[in-house]
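Lettering of chains follows the sequences in order, A, B, ..., and the numbering in each one begins at 1.
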Amino acid sequence: MQTTDPLKVAGDELESRLLLGTGGVPSLGTLADCIRASGTSLVTVSMRRVRPDAPGSPLQTVRDAGVRVLPNTAGCFSARDAVLTAQLSREALGTSWVKLEVIADDQTLLPDVVETLAAAEQLVADGFDVFPYTTDDLGVARRLADLGCAAVMPLGSPIGSGLGISNPRAIAAICESVDVPVVLDAGIGTASDAALAMELGCDAVLAATAITRAEAPARMATAIAAAVEAGWLARAAGRIPRRESALASSPFEGLLGS
Amino acid sequence: MQTTDPLKVAGDELESRLLLGTGGVPSLGTLADCIRASGTSLVTVSMRRVRPDAPGSPLQTVRDAGVRVLPNTAGCFSARDAVLTAQLSREALGTSWVKLEVIADDQTLLPDVVETLAAAEQLVADGFDVFPYTTDDLGVARRLADLGCAAVMPLGSPIGSGLGISNPRAIAAICESVDVPVVLDAGIGTASDAALAMELGCDAVLAATAITRAEAPARMATAIAAAVEAGWLARAAGRIPRRESALASSPFEGLLGS
Amino acid sequence: MQTTDPLKVAGDELESRLLLGTGGVPSLGTLADCIRASGTSLVTVSMRRVRPDAPGSPLQTVRDAGVRVLPNTAGCFSARDAVLTAQLSREALGTSWVKLEVIADDQTLLPDVVETLAAAEQLVADGFDVFPYTTDDLGVARRLADLGCAAVMPLGSPIGSGLGISNPRAIAAICESVDVPVVLDAGIGTASDAALAMELGCDAVLAATAITRAEAPARMATAIAAAVEAGWLARAAGRIPRRESALASSPFEGLLGS
Amino acid sequence: MQTTDPLKVAGDELESRLLLGTGGVPSLGTLADCIRASGTSLVTVSMRRVRPDAPGSPLQTVRDAGVRVLPNTAGCFSARDAVLTAQLSREALGTSWVKLEVIADDQTLLPDVVETLAAAEQLVADGFDVFPYTTDDLGVARRLADLGCAAVMPLGSPIGSGLGISNPRAIAAICESVDVPVVLDAGIGTASDAALAMELGCDAVLAATAITRAEAPARMATAIAAAVEAGWLARAAGRIPRRESALASSPFEGLLGS
Amino acid sequence: MTIQVNGRPTDITEPITVQHLLQQLDLPRTDVAVAVDGAVVPRSSWQQTDVGPEAQVEVVTAMQGG
Amino acid sequence: MTIQVNGRPTDITEPITVQHLLQQLDLPRTDVAVAVDGAVVPRSSWQQTDVGPEAQVEVVTAMQGG
Amino acid sequence: MTIQVNGRPTDITEPITVQHLLQQLDLPRTDVAVAVDGAVVPRSSWQQTDVGPEAQVEVVTAMQGG
Amino acid sequence: MTIQVNGRPTDITEPITVQHLLQQLDLPRTDVAVAVDGAVVPRSSWQQTDVGPEAQVEVVTAMQGG
């Protein structure tokens, strides 16, 4: 099958346009399976306090798979906490890439765009390659790009909801208007959601819960990877326009008895 | 990539779950490309009066590609015309398979389910393997299956409209309720529509206009083929439930300063 | 407030374009309240075996309110049963009006259009004014109208589901294509659904469960009545077109500093 | 008909929950008709440079109708311009109420939430009653409320688009989470959109283009006013839950032959 | 002899008219309709129509629904 | 005498078989089917079936569509 | 000397008050507000506030919109 | 004296370096980062940086998430 072009972002090229989130994965073995099945080139991790009794770290799994790691600042409610978390992730993992997440509350997990903008500005100035999770607000996405973020990551719908892309026009508008890669983040529930994201113009899709909490995670990873590719190809292929009325696909000339 | 199981229908096995309609294809060369790119195992043709000046027939192209042909009764407004057309197609092409189309008018191209049921009954009795195009009416789909049709082919939206699946619950209800294969027919506009059809439980998808009239038909054929596979795998993988509220994908334990 | 034109149907004029179904109403007192609050002119009842121990009949309530009664054939699975039920309703209630319902099964409660067409034909021949419940299949709706039905009553979504109008384009197509009044039947969940039905071109709306099982039935009756009127007026007022891009509502001339 | 409770906002009570925008109205006579037909209590105007040759001002029309005026800052791209415009409006019209609009660009007319927040803070400090136009971003809406705004006015879809409410869940989440009145602003196309806004929990709806550019503006004003009331009542009445399967509204006991 | 009235076996001593049957069973006679063996018996024929052995009688009226 | 072939009036001099008609009109004989007066004429009968006066002949083949 | 009034160059012969400027240009004095160089001049100060050389004067009122 | 390590009170006998603290507590030293009182202590400074009384020490590593 024809494959997508690599995604150029932050000075690197990622073979796969599917980013894999590791939250919710039932075991490191399953994580390894999902990385392989998804074909992903970039895997997120969160930064948490060391626990002596913690189960194995996903880091070794990610490294064994030969893919990049993208630490996030999940759980932060302020720019200050997010910046510190990003600095710790760079120190611990040796990467300047960071998925910036600053949320407004712990119920909706929706982005706090004011704190996100503040953190993005500081992190860019500090030399980070910033991948900010944000709402589907066009003005904010543009500001994040203008601040020098490596990409913008608008949500489709709330984290873990599986509701897909609530406002497709808003996502399409961001894709048209922003010069950096757009990665659809949060809300993916199944394959068709991922295909739609790409058709709307996204450059990549991040899936976590949709894969890790599916009944068969590795199989869903394969499915969503195929869907990302399908959507990317479909966008490049130039879809037919939507028509309010029918258009015959069989000729009306040459009918019997006509 | 893991591939789908073959589709068992009318005593045969089709490797691909994407059926290709040939209406609107700009040239036989493009048709050959689309057959190859789609990986399809079954290609529709319509039956029309021989014209001495006609351009080449798609038949040779289909045969060269080594795939089955599925003649249709497109353009028929009555059971009588459809039965005659089916009989002619069997005679001309040597296949008992027929895609039964009886439409209510030439503007909407919507199925006339009364004539369709009447024709299906006659054709089944006459030994045909009947693939009827129908509405998303559950009761009619069930009757068609009960009459002995080989499959049922409910529409997603009007032929050539590219509007996708207008009533996903109706399609899902048919898939749950009917024992023969369900092939989503009409309305596919792009890859995500095809993935959705499979996720709803369809056994296969037919795409014609979406592929043949795309800006880059062969590329769209690849895209939709990938989407069919993605949707099929996703259904098998057991998607996460839709949730009205968010569900954290990163742990809240072990946060800094917590 | 400006009010709607009366609905001309079956040789009568109904002041209100909201039909009230009585199923699920918790008490006859509430029924009286709902009739009053809805301002309805036509109320459905079902025909059931006399039970000596039965609670009061809704008939007296309907008569006291001075509105017409529309008996239905709910619960019938065949044309034969529906015709007998209609005949009994005419005999018992002295009205030739009948809401024809023939369902495909007792789980989905979806119409069986084949039996419905057969029953409609017999009932029209027998002098009934037939109001058939049907799917949103355009061809079937047209056949019902052509058979001489007084109106057609396509469903928005399954009975009692409250899912609103699953396929608005299908309903609009029926409204454009059928000469008799179109009454949206089944699926109304709340006021906006009823407004939408009228905006799509329906001549009236039937609401039962949405009103009778609301927390405050009479208040919901008022709400849905207002929505029917709102939708009717809005359709008559000629809505603005949908635009994919914004259109300024404040002038850009005369801005400060411009 | 039962009417809605008055809307308490900024220390006043508005009888009507429909705010009328005046942009696009073809004449002052039509404006007067729309104010009357809508029953509105609050009408927006924009602030523009005096033109000696300007047609009559809407102010006298608004005053004659006995309703409040709500000046806006439409056309401003920065907090600075918006604050100055608000101050001029207070000086010219003698009202501390201002609809704060700061947009990100003149194509999408989408809010610039960063500048909007900055302006809101200054205006609240300066004694204004601020009604900010904003996106459907929950975090931003909460910040605006926390800053002391009198209300928040999230958009349904872009200004003048008539696309209705693109993300109903986002609007509902704001209504649940914010203590000040929520006024749905922008995107209303017709009556059912307004009813839906109220059902989602909005306290009021602003309509401009939907009314002023309808074919029959005053009739549409009546329609949308009825829809606002319908939606408000419906919310108060407690709608039935949405059910994936049908629920019989006629009893299955007592059927003939059962 | 036994007939079925609304699905319940009912003993009657001799063939009686529909009119008498309703009276005997104390069933309402307004707002009801009667079918015997699948055919409507118009009200005007109640006094002339006998209900014979093994007849299936349906007596229906309006209930909430729809 | 005149017959209709695919809707066009066609003169033939005498009744001929389906097989001869296709030859005479130089129509393809593979991948086609023939109906005369609304009934299919199987390929195996082409040589035995005469096309009479005023016959409606349809000769169809596969085209793109569907 | 030249000032800008609503973006148009306007010649005035000498510094004048806001009040006089509005009169001289025959601009309405009700339902309007005035800003000079980006700051609002309250109506109560119109008679005391001079408009100097190169001033940017904005005179605004309510129009349809929003 | 008592410090906080990842939110838990921890007694140490005397000021020690970050490096010694990690050793003493048997914490991993690869793939981790350390902040003291809200500022990152780069790995290269672990041996030179003392952890004083009442210090808030965070030792973090990568976990599943996002």
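- The contact between B:Ile188 and chain A is made entirely by backbone atoms, counting heavy-atom distances below 4.5 Å.
- Taking B:Gly164, B:Ala194, B:Ser161 one by one and counting their heavy-atom pairs under 4.5 Å with chain A, the maximum is reached by B:Ser161.
- The residue among A:Ala210, A:Ala37, A:Ala208 with the most heavy atom pairs within less than 4.5 Å of chain B is A:Ala210.
- Here the side chains of A:Arg48 and B:Leu255 are in contact, with some heavy-atom distance below 4.5 Å.
- For the options B:Asp193, B:Leu196, B:Leu247, B:Thr85, heavy-atom pairs under 4.5 Å to chain A are most numerous at B:Leu247.
- Contact detail for B:Ala223 and A:Ala234: the closest heavy-atom pair is CB-N, 3.5 Å.
- Residues of residues 238-246 of chain A placed with any heavy atom under 4.5 Å of a heavy atom in chain B are listed by number as A:Gly238, A:Arg239, A:Ile240, A:Pro241, A:Arg242, A:Arg243, A:Glu244, A:Ser245, A:Ala246.
- Heavy-atom pairs under 4.5 Å with chain A were tallied for B:Gly189, B:Ser157, B:Gly187; the largest tally goes to B:Gly189.
- In terms of heavy-atom proximity, B:Ala191 sits nearest to A:Gly231 at CB-N, 4.4 Å.
- Listed by chain and residue number, A:Glu199 satisfy the side-chain hydrogen bond (donor to acceptor under 3.5 Å, both in side chains) test with B:Ser192 (two or more places apart in sequence, or in another chain).
- Near-neighbour residues of residues 16-26 of chain A relative to chain B, defined by a heavy atom under 4.5 Å from a heavy atom of that chain, comprise A:Gly23, A:Gly24.
- The choice from A:Pro217, A:Cys76, A:Pro158, A:Ala214 that makes the most heavy-atom pairs within less than 4.5 Å of chain B is A:Ala214.
- Contact check for A:Leu256 versus B:Asp81: no side-chain heavy atoms found under the 4.5 Å cut-off.
- When the heavy atoms of residues 99-110 of chain B are compared with those of chain A, the residues falling under 4.5 Å are B:Ile103, B:Asp106, B:Gln107, B:Thr108, B:Leu109, listed by number.
- Counting heavy-atom pairs closer than 4.5 Å to chain A, the top-ranked of the candidates B:Thr44, B:Leu163, B:Ile211, B:Leu84 is B:Leu163.
- When heavy atoms are compared at a cutoff of 4.5 Å, A:Ile224 does not approach chain B at all.
- Counting heavy-atom pairs closer than 4.5 Å to chain A, the top residue among B:Ala237, B:Ala221, B:Ala197, B:Ala248 is B:Ala237.
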